[in-house]
Amino acid sequence: MEDTPSSNFLQSIISDDIASGRVKEIVTRFPPEPNGYLHIGHAKAISVNFGLAEANHGRCNLRFDDTNPGKESQEYIEAIQADVQWLGYSWDAEVRYASSYFGQLYDWAIHLVTHGDAYVCDLSPDEAREYRGTLTEPGRNSPSRERGVAENLDLLARMKAGEFDEGTKVLRAKIDMSSPNMNMRDPILYRIRKVAHHQTGNDWVIYPTYDFAHGQEDAIEGITHSICTLEFEDHRPLYNWLLEHLPVPSRPKQHEFSRLNPSYTVTSKRKLKKLVDEGVVTGWDDPRMPTVSGMRRRGYTPAAIRKFCDMVGTTRSDGVVDVAMLEFAIREDLNENAVRGMCVLRPLKVVLTDYPSGKVEDLRAAGHPNRDDLGERVLPFTRELYIEADDFKAEANKKFKRLVLGKRVRLRNAYVIEADEVVKDALGNVCEIHAHTIPNTLGENPQDGIKPKGVIHWVSASQGKNAQVRLYERLFNHEAPDRGDNAFMDYINPESLEVIENAWIEPSLAAAIPEQGFQFEREGYFVADRYDHSPDKPTFNRTIGLRDTWDNP
RNA sequence: UGGGGUGUCGCCAAGCGGCAAGGCACCAGGUUUUGAUCCUGGCAUUCGGAGGUUCGAAUCCUCCCACCCCAGCCA
């Protein structure tokens, strides 16, 4: 996993800062709020923050931005840590929590009040909205704005003591109600929330807002480059204002990059949560989810995800990235590293009439076509086999390079066979093929010079094993399901999952370790399910199909 | 009609005054016991538009256009 992060504007900034001596060691942070699972967009942020730290021999913290206890939980905290580790990153020292700075933040709030830079406001949420003005009209000063320092100090202390109800009072910075930047119109610093916090319990009934917490957290941790996404750009003046008005121990700088939007996917915790809550998927780690845990279960590898993030680059322009790029990244990784195997998804029985019944011939096949280090596997060959139903046609034109009645085909890693007759059931459906082997075709072409039309995969009927295989397709039919509010629910692909209960796998595959990835030859890349797979009940998820350039008519 | 951003091939993205990198996708060949991989070749006389500066501009200036973000006591 040797990533060579490509250069980008953030790296340029860092290089300049190091060259100018502004910073000696670079320190970044990944600051998720524990209110949901990490998704591919977070993977990008993780890759950017940890990647930049790594590339510059610096450090990166993992910090939970837990300032809104009502929406957060310990479950998410644990899942997020597991995801970051799985992606292959190590944060500096211990995990950090915004909540562990609540005391310091409160002291700083007092500092602002003392200096006349903040006040306790009595406006209700509705009134506050009205006073804030609009995008084109300035706001009006709150009636509470000119309260004296002593009174503000007293009120703030009483807010902290729990004397007031939620929504009745907030602490606000005194900046400029007529600023064209809405964030500067006396932003709220503290609000009353009488709920227990997952880390601090009932210690607090007032909680700092993102704006009052983030920059100060960065300063406390000595973050040199506070990297976030574009929507926080308008907050930067406030971020700086607070740092300038507070006796903080360091002076971090915020830089924004555009968030990742893969096509055909939704990345918004709210929307992902809805998919989970409404049972569209089985959970946050459903293999169709763009969550880190979902992709993991789907068979994506950390290396592929990191490669993808690197391929996509880091800029300030928004756009939609073709998921084909993500698919390329995982195919590339698995093509190179996954052991091959054969699995028949829709079995059609073939009886080799010239082959002795009861005979089991242990053929050998390479674990990987061009990597000897991946070993080899034993492939039992028998009189009765299964092939893919799609790989047989009684008649077909020359473009069909599979088994045709009266014609030959190579059984992958085994003999060339020729189809002799079709057995049909009462309804006229093909249910069995009778064929015979062409002698001496193990590893060589038929001696009569008549070459097989193609190569198909197969599994011994008596030696193979039954498996459940889940075929996944994209969850949405729309290229950009994320635009619009709830429209994404209308674009859900009803065929995003097909469960095949009786696929037939070669025996070696039953020994797969959960989460081990394979290439099922001619089909695609599959992974032994992280939770459901066992030698007794082999269970595989299709990660991604093989690239298919055959223009099947 | 306020403020902040962004506009380079179908998608992502280099480029920072000297005459359009690369990747994905796609197309055409070659190799192949995976219609996979691999290999070879093709794929922007043009950089949102219009003016201007300059010997010379995607890169500088002016104006215009399009799109994204901001009116949570969310982050």
Side-chain angles (χ1 to χ4, degrees), chain A residues 6-8 31-33 35 65 67-68 70-71 121 123-125 128-130 132-139 166-172 178-185 187-193 206-207 209-211 213-214 228-237 256 258 260 263 269-270 308 310-329 331-332 335-336 340 342 365 369-370 399-402 409-416 441-445 451-452 454-457 519-525 545-552:
Chain A
S6 49
S7 192
N8 56 56
E33 183 190 11
N35 67 344
D65 220 346
T67 56
N68 190 12
K71 292 184 175 172
C121 178
L123 256 26
S124 70
R129 188 183 330 112
E130 190 199 321
R132 193 155 32 232
T134 70
L135 295 178
T136 53
E137 300 159 26
E166 288 189 15
T168 60
K169 283 187 169 39
V170 292
L171 180 72
R172 295 226 254 167
S178 66
S179 171
N181 181 343
M182 301 295 283
N183 296 301
M184 299 299 268
R185 320 244 266 223
I188 290 168
L189 271 20
Y190 266 99
R191 70 293 211 195
I192 299 168
R193 280 282 175 285
I206 58 172
Y207 292 95
T209 56
Y210 164 84
D211 286 312
H214 210 93
C228 59
T229 42
L230 250 27
E231 65 269 29
F232 291 100
E233 200 160 11
D234 290 341
H235 292 247
R236 196 171 61 219
E256 314 83 17
S258 53
L260 173 64
S263 58
K269 282 185 201 167
R270 204 201 97 234
F308 169 67
D310 197 50
M311 278 172 78
V312 158
T314 306
T315 69
R316 291 172 59 84
S317 57
D318 12 55
V320 174
V321 173
D322 195 337
V323 278
M325 255 197 248
L326 213 208
E327 296 176 347
F328 169 82
R331 282 196 185 104
E332 181 181 61
N335 174 57
E336 190 173 334
R340 312 287 126 130
M342 291 196 284
N370 34 42
K399 300 194 75 170
F400 188 75
K401 306 201 297 181
R402 307 175 183 185
V409 78
R410 158 77 65 184
L411 292 179
R412 175 73 171 158
N413 290 125
Y415 300 94
V416 171
T441 49
L442 219 46
E444 26 200 311
N445 281 320
K451 292 183 180 175
V455 182
I456 63 173
H457 57 282
Q519 183 196 95
F520 288 175
E521 291 188 293
R522 300 210 314 132
E523 290 293 348
Y525 297 99
L546 244 31
R547 183 161 168 265
D548 184 7
T549 54
W550 183 44
D551 47 324
N552 194 344

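Values below: every heavy atom of this structure, side chains too, minus hydrogens, waters and symmetry copies. Just so we're on the same page: letters track the sequence lines, and every chain starts at 1. The shown structure was predicted, so the numbers you read here are calculated from the model rather than taken from an experiment.
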Between A:Arg340 and B:A36, is there a contact of a side-chain N or O with OP1 or OP2 at under 4.0 Å? no
It should be established whether A:Arg331 places a side-chain nitrogen or oxygen under 4.0 Å from OP1 or OP2 of nucleotide B:U37. no
Thinking salt bridges, do A:Arg547 and A:Glu327 make one under a 4.0 Å N-O criterion? no
A:Tyr210 vs A:Phe232 aromatic rings, parallel, tilted or perpendicular, using cut-offs 30° and 60°? tilted
Using modelled atom types only, decide if a donor and an acceptor are shared between the side chain of A:Asn181 and the backbone of A:Asp234 within a distance under 3.5 Å. yes
Once you apply a heavy-atom cut-off of 4.0 Å, does A:Phe328 come out as touching a base, just sugar-phosphate, or nothing? sugar-phosphate
Which nucleotide, B:U34, B:C73, B:A75, lies nearest any side-chain atom of A:Pro125? B:C73
Closest nucleotide among B:A75, B:A36, B:U37 to the A:Phe232 side chain: B:A75
Please tell me which of the listed nucleotides, B:C74, B:G35, B:U6, lies nearest to the side chain of A:Arg402? B:G35
Do the side chains of A:Ser263 and A:Val321 get nearer than 4.5 Å, heavy atoms only? no
Nearest-Å distance for atom pair CZ/P, residues A:Arg129 and B:C74: 12 Å
Please state whether the base of B:G35 and the side chain of A:Asp548 form at least one donor-acceptor pair under 3.5 Å? no
Atom C1', compared across B:C16 and B:A57: separation rounded to whole Å: 12 Å
Against the side chain of A:Pro180, the closest entry in B:G2, B:C24, B:C68 is B:G2
Find out whether A:Pro369 and A:Arg340 are in side-chain contact, i.e. whether some heavy atom of one side chain is under 4.5 Å from a heavy atom of the other. yes
Donor-acceptor pair, distance only, cut-off 3.5 Å: does the side chain of A:Thr441 make one with the backbone of A:Glu444? no
Nearest-Å distance, CZ (A:Phe520) to C1' (B:A36)? 15 Å
Look at A:Arg270 and B:A75 and indicate whether a side-chain polar atom (N or O) is within less than 4.0 Å of OP1 or OP2. no
When you get a sec, tell me which of B:G4, B:A75, B:A36 is the closest nucleotide to the side chain of A:Thr209? B:A75
Rounded to the nearest angstrom, tell me the gap between atom CE in A:Met182 and atom P in B:C74. 16 Å
Looking at A:Thr136, does any N or O in its side chain come under 4.0 Å of the phosphate oxygens OP1/OP2 on B:G3? no
Is A:Ser263 close enough to B:C11 that one of its side-chain N or O atoms is under 4.0 Å from OP1 or OP2 there? no
What about A:Gln519: does its side chain form a donor-acceptor pair under 3.5 Å with the base of B:U34? yes
What is the distance, rounded to the nearest whole Å, between atom CG of A:Asn370 and atom C1' of B:A36? 11 Å
Quick check on B:G4: is either OP1 or OP2 less than 4.0 Å from any side-chain nitrogen or oxygen of A:Arg236? no
Counterpart base for B:C38, defined by Watson-Crick or G-U wobble contacts under 3.5 Å: B:G30
Whole Å only: how far is the CD1 atom of A:Ile456 from the C1' atom of B:A36? 16 Å
Where the chi angle of B:G72 falls, syn if within 90° of 0 and anti if not: syn
Establish, with yes or no, whether the OP1 or OP2 oxygen of B:U6 is under 4.0 angstrom from a side-chain nitrogen or oxygen of A:Arg316. yes
Kindly say whether A:Leu189 contributes a backbone atom to a donor-acceptor pair with the side chain of A:Arg172 at under 3.5 angstrom? no
Find the distance A:His235:NE2 to B:A71:C1' and express it as a whole number of Å. 11 Å
What integer distance in Å separates A:Asn181:CG from B:G5:C1'? 12 Å
Distance check: side-chain N/O of A:Arg191 vs OP1/OP2 of B:C74, anything under 4.0 Å? yes
Is A:Ser179 near enough to B:G3 that one of its side-chain N or O atoms lies under 4.0 angstrom from OP1 or OP2? no
Return the value, rounded to whole Å, for the distance between atom CG of A:Asp211 and atom C1' of B:A71. 14 Å
Counting only side-chain heavy atoms from C-beta out, which of B:G5, B:U34, B:U37 sits nearest to A:Leu230? B:G5
C1' spacing across the pair B:A58 / B:C73, given as an integer number of angstrom: 47 Å
With respect to the phosphate group of B:G35, does any side-chain polar atom (N or O) of A:Arg547 fall under 4.0 Å of OP1 or OP2? no
Looking only at B:U34, B:G4, B:A75, the nucleotide nearest the A:Leu546 side chain is B:U34
Among the nucleotides B:U34, B:A75, B:C24, whichever has the atom closest to the side chain of A:Arg522 is B:U34
Do the side-chain N or O atoms of A:Arg185 get closer than 4.0 angstrom to the phosphate oxygens (OP1, OP2) of B:G2? no
Report the base-pairing partner of B:G18 (Watson-Crick or G-U wobble, both distances below 3.5 angstrom), or none. B:C55
So, is A:Thr315 near the phosphate of B:A13, with a side-chain N or O under 4.0 Å from OP1 or OP2? yes
Do A:Arg191 and A:Ile206 make a side-chain contact, defined as non-hydrogen atoms from C-beta onward lying under 4.5 Å apart? no
